[in-house]
Amino acid sequence: MASTSPVDQNALWNGPGGQIWVAQQAILDGLFQPMADLLVAELPDTVTQLLDIGCGTGASLLASAAARPAAHSTGLDISAPMLALARQRAEAVGLDADFIVADAQRHPLPSAHFDWIQSRLGVMFFDDTGTAFANLHRAARPGAGLRFIAWRSADENPFMTTAERAIGAELDLPPRAPGAPGQFAFADGGQVQRHLQAAGWKEVEVVAVDLPCSIAREDLPSYVGQLGPLGLALRAMPEDRATVLRDQALAAFAPFIEGDRVRVDAACWLIRARA
């Protein structure tokens with residue numbers, strides 16, 4: 001699944017995109033907690049070498065390491081600022097983990113080393129998904145388990161496109177190309193399954209899961225005004241204009257607000273496979 005993206009992923013995640021995820025780490029970890037919980041629930045008791053792909057600021061790696069303290073954990077991400085925070089968080093809880101700033105598509109991981117590879121929303125940004133899955137397969141021991149969580153389609157995740165639909169016409173956003181690296185690159189679950197199988201993975205399952213996520217209502221302005229392509233565009237314009245547009249976008253989230261929480265029904269794939 002080689003795709004051309006209008007966004008330079010390395011520049012994005014080592015620049016403003018990664019820096020904002022670091023700044024908003026607490027909000028994002030809370031939002032995606034059910035995904036970290038799901039990955040922990042999938043963990044077998046026998047894991048000894050765990051690799052977390054696109055581990056970002058470390059939430060899913062830390063949760064899995066806490067559940068399986070006898071395993072050695074390795075986190076890999078293209079974003080140096082996000083991994084720096086992940087390393088600090090690991091050190092703060094006394095976790096001896098390895099962190100690798102690299103592109104999982106091509107980084108020379110040790111062969112037949114890991115018996116568990118997982119990712120929480122970290123696999124949709126590859127320029128060449130087939131190459132990435134093949135590289136991960138080489139790093140997996142025979143019989144190793146693979147678990148990924150990825151978004152389904154934009155249509156099934158209306159919360160995630162609400163702000164874009166509300167004010168996107170006012171902003172110069174990079175175009176969404178079907179299958180291109182980005183949030184919804186894995187919308188076609190059948191295609192993901194075929195690419196995993198072509199890379200050597202067996203017993204591939206692509207299962208639809210709907211996860212009840214949420215954020216605090218008071219955090220919604222930061223979420224809308226800071227994160228993603230829309231947040232990048234807002235931060236690049238004069239503050240008064242950005243405030244008007246952000247408030248316009250916030251009004252569109254009224255259907256998701258329930259008391260002091262904002263409901264986010266996350267339509268995802270849970271992808272299982274074995275090396």
Side-chain angles (χ1 to χ4, degrees), residues 25 28-29 32-79 82-83 85-105 107-126 129 132-150 186 192-193 195-197 199-207 209 211 266 268-275:
Q25 169 258 316
L28 291 164
D29 282 359
F32 298 136
Q33 183 66 49
M35 300 181 189
D37 293 342
L38 179 56
L39 288 175
V40 168
E42 292 284 313
L43 274 172
D45 294 334
T46 54
V47 172
T48 62
Q49 292 286 346
L50 181 148
L51 175 64
D52 193 304
I53 297 296
C55 72
T57 59
S60 55
L61 181 146
L62 290 169
S64 294
R68 299 292 182 270
H72 182 78
S73 298
T74 301
L76 185 150
D77 201 289
I78 200 171
S79 173
M82 292 171 74
L83 269 195
L85 178 55
R87 186 178 292 109
Q88 291 172 13
R89 296 175 73 190
E91 291 172 352
V93 297
L95 175 63
D96 181 19
D98 294 326
F99 292 96
I100 304 169
V101 180
D103 185 343
Q105 295 174 105
H107 182 72
L109 291 160
S111 297
H113 181 72
F114 299 99
D115 56 1
W116 194 258
I117 300 176
Q118 67 177 29
S119 180
R120 183 207 72 177
L121 306 178
V123 292
M124 302 94 67
F125 303 95
F126 298 129
T129 302
F133 285 164
N135 193 39
L136 295 177
H137 188 267
R138 284 190 291 272
R141 294 177 189 170
L146 177 77
R147 296 293 187 275
F148 291 160
I149 296 174
F186 281 17
V192 176
Q193 183 173 29
H195 280 279
L196 278 165
Q197 290 169 334
W201 293 94
K202 305 177 182 70
E203 302 174 27
V204 180
E205 298 178 77
V206 182
V207 180
V209 293
L211 300 172
C268 297
W269 298 119
L270 172 62
I271 300 160
R272 300 186 178 110
R274 191 159 298 283

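No experiment lies behind these values; they were computed from the predicted model shown.
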Passing option when F99 is tested against D52, D77, L61 for side chain to side chain contact (heavy atoms under 4.5 Å, CB included):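 Single side chain to side chain contact (heavy atoms under 4.5 Å, CB included) partner of F99 among D52, D77, L61: L61.
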
Trace of the side-chain contact (heavy atoms from CB on, under 4.5 Å) decision for I78 with V101: CA-CA 5 Å; I78 200 171; V101 180; over 6 Å; no

The criterion is side chain to side chain contact (heavy atoms under 4.5 Å, CB included); which residues satisfy it with [X], sequence neighbours excluded?
| X | answer |
| --- | --- |
| D98 | H72, T74 |
| Q88 | L85 |
| T48 | D115, R141 |
| H107 | L76, I100, A102, L109 |

Set of ring-ring contact (aromatic ring centres under 6.0 Å, His included) partners for W116, sequence neighbours left out: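 With sequence neighbours excluded, W116 shows a ring-ring contact (aromatic ring centres under 6.0 Å, His included) to no residue whatsoever.
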
Partners passing ring-ring contact (aromatic ring centres under 6.0 Å, His included) against F133 (at least two apart in sequence or in another chain):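 ring-ring contact (aromatic ring centres under 6.0 Å, His included) list for F133, sorted by chain: F148.
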
State, with a plain yes or no, whether a side-chain heavy atom of [X] is found less than 4.5 Å away from one of [Y].
| X | Y | value |
| --- | --- | --- |
| E42 | R272 | yes |
| L146 | W201 | yes |
| I271 | E205 | no |

Taking all non-hydrogen atoms of both residues, which atom of [X] and which atom of [Y] are closest, and how far apart?
| X | Y | value |
| --- | --- | --- |
| S64 | L50 | CB-CD1, 3.9 Å |
| A140 | I117 | CB-CD1, 4.1 Å |
| F126 | G122 | CZ-O, 4.5 Å |
| M35 | L121 | SD-CD1, 3.5 Å |
| S60 | A36 | CA-CB, 4.3 Å |

List in chain and number order the residues that pass salt bridge (Lys or Arg N to Asp or Glu O under 4.0 Å) with [X], two or more places apart in sequence or in another chain; answer none if no residue qualifies.
| X | value |
| --- | --- |
| D29 | R89, R120 |
| R68 | D45 |
| R138 | none |
| E203 | R274 |

Contacts of type side-chain hydrogen bond (donor to acceptor under 3.5 Å, both in side chains), residue Q193, not counting sequence neighbours: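 If we apply the side-chain hydrogen bond (donor to acceptor under 3.5 Å, both in side chains) test to Q193, skipping adjacent residues, there are no hits.
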
With S119 via side-chain hydrogen bond (donor to acceptor under 3.5 Å, both in side chains) - residues at least two apart: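 With sequence neighbours excluded, S119 shows a side-chain hydrogen bond (donor to acceptor under 3.5 Å, both in side chains) to no residue whatsoever.
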
